[in-house]
Amino acid sequence: MRKLGQLDRRLFLAGSAASLALSGRAFGQRRGGRAIIVGAGVAGLACAADIQRAGMDVTVLEARAEIGGRARTSRAWVDRPVELGASWVHGLDNNPVRDLAVQSGLALSATDYDNRQIYGESGGLLDRRALNRLDEMETRLTRFAANAPGNRLESECRIRPRGVLDNRLFRLMRLDAFSEAKRRRGLFLLNTELEHEFGTDYENLSRCFWTEGEELSGGDAMLLGGIDRMMQHMAHGLDVRLSQTVLGIDHDRDGVLVTTSSGTERADAVVVTVPLGVLRENIIRFTPDLPDTKQQAIQDLGVGVLNKCILRFGEQAWPNDPEMFNRLTADRGAWAEWVNLSAYGQGPILMGFNAGSYARYLEQFDDEETVALAMEALRGMFGSSLPDPVATQITRWSRDPHAYGSYSFPAENTQWDSRIRLLEPVDQRVFFAGEATSTRAPGTLHGALQSGRAAANAVVER
Ligand SMILES: Cc1cc2nc3c(=O)[nH]c(=O)nc-3n(C[C@H](O)[C@H](O)[C@H](O)COP(=O)(O)OP(=O)(O)OC[C@H]3O[C@@H](n4cnc5c(N)ncnc54)[C@H](O)[C@@H]3O)c2cc1C
């Protein structure tokens, strides 16, 4: 879930090669030949559709038994689809995902992040004074974000990009004050504003590029009805082959040879859209090896984790209207944010979020243990009489062998051009796309989609 957009974020890579690629040039000529797309997520399907439209043959090879990737709807509850990956369109204005969602028949429900209740550690709602203190801290964070060094292209970050936010932010938020209550308020804010957005503890964020990306205006909206319908719409008319794990990509002057778990495919070009986590794990062997600059970029960007714990109850035993429930806690980052799906007309369902090291820690527990921890947190807010859920669904994205994480983040060694180096094609044969290659909107659906379209453009015009 991403909502740092409420902070003043600016484009930090204006004029980059990638933004040129994302400018949406119309296709020039129609072109023959064949392209293979690795991965049937938002980036891969958008890419495949554009290349096919330009006149090339296209095949999409997908490791999973279904399309969608990190846009992943569970239909385990037959009457109620739930999203295990992305849920929101971030920024409704000029957002191609919004258009696709509408064309696919999905409903969009505007989200008001201020429509929330915040509970203190002892259980009750925070009083006005405590809320004011949180607001003051948030204002300081917003100001700091607006002046972050990465926002100035000519800044020291070109010369000395390495390093993490760490103590600067800690001091700025005045978290090193003696008051434990103050410290917890600050950590809560950093957790729900930054750590959920990037999927990592704030200490791991690049001091230069933690405000990377561009915010679309128009507010956010939750996608309702099943994002899988949007993915089916995108895949319509495409040759998508499921359960095909790509293990090798060889290329030379004559073309590309793609090796899967069940054979080989030849093409003129390949577009790799697998998540950064998969590239990190070296599941695909590239021959010749990827250039050093790209390998370095793969290591220099971070892979974050955001997990969901979705609890369905027999009846609703909490307030109906707030869209979010937050909780201050002594356990850093634990169960600090819940989305109230009943406020979106989805019945008595609560969706809890955990990010970064607490999310990774939780992944070692089984469902029963995880739900017990979740219920302890919820009963602290809504009272001990809150009944157990009737059904649960829990994600563990860092253990997903086709993702190894939720999305990319700017880490200690990230450089101003890391995402561009990840994107750069190799010998005009091997192209890259996916959320981690997006400079404008990494970690989002629309960033992934635009990257797929940009890669299609590059393949057709190569
Ligand atoms: C919990 C969570 C919440 C999120 N919330 C939001 C949100 O609210 N709004 C938003 O805009 N974004 C959100 N995101 C981010 C968004 O889901 C992603 O940015 C986007 O879906 C990425 O699309 P992609 O095409 O780049 O990658 P993917 O969707 O991961 O597609 C890559 C595909 O490659 C396949 N693959 C992997 N390895 C191989 C292989 N070896 N061979 C063949 N195929 C392979 C994968 O199975 C996958 O289908 C969220 C993500 C998560 C995990």
Side-chain angles (χ1 to χ4, degrees), residues 1-3 5 36-48 60-73 83-91 95-98 101 111 196-199 213 216 220-223 227 230-231 234-235 240-249 258-261 270-285 303-310 339 351 353-355 359 394-398 400-408 422 432-438 441-452 455:
M1 179 160 83
R2 300 173 65 91
K3 55 196 172 66
I36 288 176
I37 315 300
V38 185
V42 176
L45 293 177
C47 182
V60 184
L61 300 175
E62 166 56 51
R64 295 179 202 268
E66 75 256 329
I67 61 171
R70 286 169 280 172
R72 183 157 182 209
T73 307
E83 300 305 337
L84 303 179
S87 297
W88 279 271
V89 178
H90 292 299
N95 190 327
V97 172
R98 175 218 167 110
T111 295
H196 284 207
E197 165 163 359
F198 291 109
L216 295 181
D220 290 1
M222 191 181 279
L223 292 163
I227 296 182
M230 185 176 95
M231 303 312 296
M234 291 180 76
V240 181
R241 302 187 191 165
L242 300 175
S243 305
Q244 299 288 314
T245 302
V246 170
L247 300 170
I249 296 179
V258 177
T259 305
T260 69
S261 34
V270 60
V271 183
V272 180
T273 75
V274 302
L276 178 65
V278 171
L279 290 173
R280 276 267 185 95
E281 294 289 323
N282 289 317
I283 302 220
I284 302 175
R285 180 190 36 76
V303 177
V305 183
L306 177 76
N307 275 325
K308 292 180 173 181
C309 173
I310 305 161
V339 174
M351 186 160 73
F353 285 92
N354 289 293
I394 295 165
T395 70
R396 294 180 182 84
W397 280 101
S398 85
D400 182 319
H402 305 308
Y404 290 109
S406 299
Y407 33 67
S408 58
L422 188 64
F432 290 81
E435 61 80 14
T437 68
S438 169
T444 66
L445 291 168
H446 63 280
L449 184 126
Q450 286 166 327
S451 80

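Note that ligands are numbered from 1 as they come in the structure, with each ligand's atoms numbered from 1 the same way.
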Does [X] reach ligand 1 with a nitrogen or oxygen that is under 3.5 Å from one of the ligand's nitrogen or oxygen atoms?
{"X": "Ala63", "answer": "yes"}
{"X": "Gly44", "answer": "no"}
{"X": "Lys308", "answer": "no"}
{"X": "Trp397", "answer": "no"}

Subject >> Side-chain H-bond candidate by donor/acceptor type, Ser451 with Glu435, under 3.5 Å >> reply: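 The criterion, which ignores hydrogens and geometry beyond distance, is not satisfied for Glu435 and Ser451.
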Flag the pair [X] / [Y] as yes when at least one side-chain heavy-atom distance between them is below 4.5 Å, and no otherwise.
{"X": "Leu242", "Y": "Ile67", "answer": "yes"}
{"X": "Leu306", "Y": "His196", "answer": "yes"}
{"X": "Leu45", "Y": "Ile37", "answer": "no"}

Number the atoms of ligand 1 from 1 as they appear, then name those within less than 4.0 Å of a heavy atom of [X], with their elements.
{"X": "Ala448", "answer": "22 (C), 23 (O), 24 (P), 26 (O)"}
{"X": "Ser406", "answer": "53 (C)"}
{"X": "Gln244", "answer": "42 (N), 43 (C)"}
{"X": "Thr273", "answer": "32 (C)"}
{"X": "Gly68", "answer": "29 (O)"}
{"X": "Leu84", "answer": "1 (C)"}
{"X": "Thr444", "answer": "10 (C), 11 (O), 12 (N), 19 (O)"}
{"X": "Ala71", "answer": "21 (O)"}

Answer with side chain, backbone, both or neither: which part of [X] has a heavy atom less than 4.0 angstrom from an atom of ligand 1?
{"X": "Tyr407", "value": "side chain"}
{"X": "His90", "value": "side chain"}
{"X": "Leu61", "value": "backbone"}
{"X": "Ile67", "value": "neither"}
{"X": "Leu445", "value": "both"}

Backbone N/O of [Y] and side chain of [X]: donor-acceptor pair under 3.5 Å:
{"X": "Thr273", "Y": "Val38", "answer": "yes"}
{"X": "Asn307", "Y": "Trp397", "answer": "yes"}
{"X": "Arg70", "Y": "Ser406", "answer": "yes"}

Does [X] have a heavy atom less than 4.0 Å from any atom of ligand 1?
{"X": "Thr395", "answer": "no"}
{"X": "Gly85", "answer": "yes"}
{"X": "Pro401", "answer": "no"}
{"X": "Glu83", "answer": "no"}

Original post:
Just going by heavy-atom distances, which of Leu242, Asn307, Leu306, Thr437 is nearest to atom 1 (C) of ligand 1?
Top reply: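 That would be Leu306.
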Original post:
If you measure from atom 36 (N) of ligand 1 to every heavy atom of Val272, Val274, Asp400, Val38, which option wins on shortest distance?
Top reply: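 Ranked by closest heavy atom to atom 36 (N) of ligand 1, first place is Val274.
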Original post:
Does the pair Arg72 and Glu66 meet the rule for a salt bridge (Lys or Arg N to Asp or Glu O under 4.0 Å), with working shown?
Top reply: CA-CA 9 Å; Arg72 183 157 182 209; Glu66 75 256 329; 3.7 Å; yes
**OP:** Check each of Val42, Val89, Leu216 against His446 using the side chain to side chain contact (heavy atoms under 4.5 Å, CB included) test, and report the only one that passes.
**Re:**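 The option that passes is Leu216.
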I need the [X] [atom1] to [Y] [atom2] distance, nearest 0.5 Å.
{"X": "Gln450", "Y": "Cys47", "atom1": "CD", "atom2": "SG", "result": "13.5 Å"}
{"X": "Met231", "Y": "Thr73", "atom1": "CE", "atom2": "OG1", "result": "9.0 Å"}
{"X": "Ile249", "Y": "Ile36", "atom1": "CD1", "atom2": "CD1", "result": "8.5 Å"}

Scan the side chains in residues 276-283 for donor-acceptor partners under 3.5 Å anywhere in the protein, sequence neighbours excluded, and list what turns up.
from   : atom 1 : to     : atom 2 : distance (Å)
Arg280 : NE     : Ile298 : O      : 2.9
Arg280 : NH2    : Gln299 : O      : 3.2
Arg280 : NH2    : Leu301 : O      : 2.3

Subject >> Residues in side-chain contact (heavy atoms from CB on, under 4.5 Å) contact with Arg241, at least two apart in sequence or another chain >> reply: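 If we apply the side-chain contact (heavy atoms from CB on, under 4.5 Å) test to Arg241, skipping adjacent residues, the hits are Arg34, Thr59, Leu61, Asp239, Gln244, Glu265.
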